[in-house]
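Below you'll find the structure, written out as structure tokens, and then a few comments.
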There are 2 protein chains.
Amino acid sequence: MPRQASSSPAPRGRPRDPRTRAAILTAARALLERGGLTSVTIEAIAQKAEVSRPTIYRYWPNAPAVAMAAFLEATGASDAVKSPRAPLAALRAQLHALADAFTAPTGRSVAAMVAAAQSETELAKAFRNEFIARNRDATRALLERCVADKSIAAPDDIELSLDLIFGPLFYRLLMGHAPITHGFVDRLIDAVILTRG
Amino acid sequence: MPRQASSSPAPRGRPRDPRTRAAILTAARALLERGGLTSVTIEAIAQKAEVSRPTIYRYWPNAPAVAMAAFLEATGASDAVKSPRAPLAALRAQLHALADAFTAPTGRSVAAMVAAAQSETELAKAFRNEFIARNRDATRALLERCVADKSIAAPDDIELSLDLIFGPLFYRLLMGHAPITHGFVDRLIDAVILTRG
DNA sequence: GTTATATTACGTTACGTATCGTAACGTTAA
DNA sequence: TTAACGTTACGATACGTAACGTAATATAAC
């Protein structure tokens with residue numbers, strides 16, 4: 001039987017210790033939540049993770065990249081809401097949870113990664129294709145269930161609907177001109193439902 | 001006649017050369033539009049403006065602060081749209097102009113300042129109280145004229161209306177998942193009008 | 001009025017520090 | 001033998017500040 005020519009490219013040499021990667025990401029995550037993006041330096045990560053600096057560079061090209069990886073791995077863990085509820089209630093619950101996350105310390109991390117994504121294209125792609133897409137996908141799915149359920153009318157443009165919901169949420173998170181309450185979220189949902197956006 | 005005890009606190013010593021300040025801001029603005037926030041370093045500004053580094057520190061505490069000042073002075077110059085038009089048309093025109101600015105190189109500067117505002121409270125306040133407030137004030141005024149004009153129904157919450165318009169605009173600017181077209185702006189306006197947000 | 005003197009704006013130079021990214025070399029695990 | 005790590009070291013960049021000299025303007029003394 002020939003070698004598996006696909007997923008396993010015949011690993012040779014000493015394998016990477018998975019604890020190394022985990023330690024780096026954990027340290028980066030902790031630094032990010034406390035001091036924001038500016039405190040996530042390679043040196044600080046190395047010290048906190050008890051790993052040498054060159055090792056970190058063997059995994060990622062720079063500090064913001066580590067921060068982004070840590071952020072995405074941390075937020076990606078959250079499973080989709082198992083909802084025995086009605087889809088519209090599930091939609092509300094899902095967005096309330098996001099609002100709570102934005103209000104919690106996690107919110108500052110989200111804002112920090114939005115900021116980081118502005119200076120490097122690679123980070124922007126990663127953030128958009130993972131964090132942003134995840135949220136949009138989850139909400140889109142629930143919106144479609146609502147439509148199928150006839151609990152709301154079919155929107156003209158579901159992508160616009162998503163922008164109408166997420167846009168103001170991020171806007172308040174980033175500008176801080178007004179709080180992100182459940183009531184605020186409910187009004188956003190109402191706006192989308194009424195306008196058939 | 002006694003001294004004016006108010007606005008002029010009797011300036012003594014050598015007055016600041018206004019060209020110095022102007023040169024610094026101009027240089028910072030140019031650097032910002034090209035290389036983004038990371039290329040706005042005190043050293044680069046000093047060289048481009050032909051000013052010494054210590055002088056820059058006499059005006060501002062750090063590089064992002066200079067960038068913010070340059071940005072706010074540049075964008076603040078735009079006068080309110082003189083509109084002999086109907087208020088609703090003026091509203092569309094105003095937001096189309098903003099969309100154009102977001103699409104142009106200026107948009108990258110806006111995004112950069114949003115990012116900068118995430119790490120320093122002072123910058124956040126300045127950005128929110130000047131740039132964000134300016135845009136909201138202008139749009140709020142036009143919305144109120146529309147209501148007075150009876151060209152649209154009175155929104156339940158005009159601040160929410162502003163969030164529904166600006167939120168998605170900034171969202172697309174920062175995430176880059178979809179283009180910022182005039183059609184997009186028109187749909188945002190429609191959403192606000194229909195929902196009485 | 002003219003001349004000191006204080007005060008401030010600026011340039012020049014220099015310093016110590018932080019963080020960067022990389023290179024060289026030895027050690028350890030497969 | 002190969003690659004993952006640690007250790008150490010290096011040059012580079014930018015930081016923020018300090019010290020000093022000079023230029024420009026006010027106020028006060030004569």
Side-chain angles (χ1 to χ4, degrees), chain A residues 3-4 8-28 31-32 34-70 112 116 119-120 122-123, chain B residues 1-5 7-28 31-32 34-70 112 116 119-120 122-123:
Chain A
R3 265 209 134 71
Q4 287 211 351
S8 53
R12 300 198 305 180
R14 174 179 176 176
R16 287 187 165 179
D17 187 340
R19 287 174 303 172
T20 299
R21 179 189 156 90
I24 294 173
L25 292 182
T26 301
L31 289 167
L32 179 64
R34 301 202 193 154
L37 194 58
T38 59
S39 62
V40 184
T41 72
I42 297 290
E43 295 226 345
I45 297 171
Q47 284 186 15
K48 201 173 192 65
E50 291 178 323
V51 157
S52 73
R53 277 188 310 160
T55 292
I56 300 177
Y57 282 110
R58 285 169 188 131
Y59 282 78
W60 293 277
N62 48 47
V66 185
M68 182 64 82
S119 31
E120 297 183 40
E122 289 305 312
L123 294 187
Chain B
M1 184 178 183
R3 260 215 135 68
Q4 287 212 351
S7 54
S8 53
R12 297 198 309 179
R14 174 177 176 176
R16 287 187 164 179
D17 187 340
R19 288 174 303 171
T20 299
R21 180 188 154 89
I24 294 172
L25 292 181
T26 301
L31 288 166
L32 179 64
R34 301 202 193 155
L37 193 58
T38 59
S39 62
V40 184
T41 73
I42 297 291
E43 294 228 346
I45 297 172
Q47 283 186 16
K48 200 174 191 64
E50 291 179 323
V51 158
S52 72
R53 276 189 310 161
T55 292
I56 300 177
Y57 283 109
R58 284 172 190 128
Y59 282 78
W60 293 278
N62 48 47
V66 186
M68 181 64 82
S119 31
E120 296 183 39
E122 289 305 312
L123 293 186

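Every chain is numbered from 1, with letters handed out A, B, ... down the list of sequences. Just so you know, these numbers use all the heavy atoms, side chains as well, and skip hydrogens, waters and symmetry mates.
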Is the shortest heavy-atom distance from the side chain of A:Pro54 to the side chain of A:Arg58 under 4.5 Å? yes
A:Glu120 to A:Asn62 - nearest heavy-atom pair and separation: OE1-ND2, 3.6 Å
May I ask you to evaluate whether A:Tyr59 reaches the phosphate of D:dC5, defined as a side-chain N or O under 4.0 Å from OP1 or OP2? yes
Residue pair A:Ser52 / A:Thr55: nearest heavy atoms and the distance that separates them: OG-OG1, 3.0 Å
Output, in order, the C-alpha distance, side-chain angles, deciding distance and verdict of side chain to side chain contact (heavy atoms under 4.5 Å, CB included) for B:Tyr59 and B:Val66. CA-CA 8 Å; B:Tyr59 282 78; B:Val66 186; over 6 Å; no
Between B:Val40 and B:Ala63, the two heavy atoms sitting closest are O-CB, 3.2 Å
Between C1' on D:dA3 and CG on A:Asp17, what's the gap in Å once rounded to a whole number? 13 Å
Protein proximity profile, nucleotides 6-16 of chain D - base contact B, sugar-phosphate-only contact S, no contact -, cut-off 4.0 Å on heavy atoms: BBBB----SBB
Test item: B:Trp60 and B:Leu25 side chains (from C-beta on) under 4.5 Å apart, heavy atoms: yes
Expressed in angstrom and rounded to an integer, what is the separation of A:Gln47 atom CD from C:dA18 atom P? 11 Å
Write down the distance between CZ (A:Arg16) and P (D:dA4), rounded to a whole number of angstrom. 5 Å
Contact list (N/O, under 3.5 angstrom) for nucleotides 23-25 of chain D vs protein:
| residue | atom | partner | partner atom | Å |
| --- | --- | --- | --- | --- |
| D:dA23 | N3 | B:Arg14 | NH1 | 3.3 |

Residue pairs passing the side chain to side chain donor-acceptor pair (under 3.5 Å) test where at least one lies in residues 34-49 of chain A, sequence neighbours excluded: A:Glu43-A:Arg53
Closest non-hydrogen contact found for A:Ala116 with A:Leu37 is CB-CD2, 3.5 Å
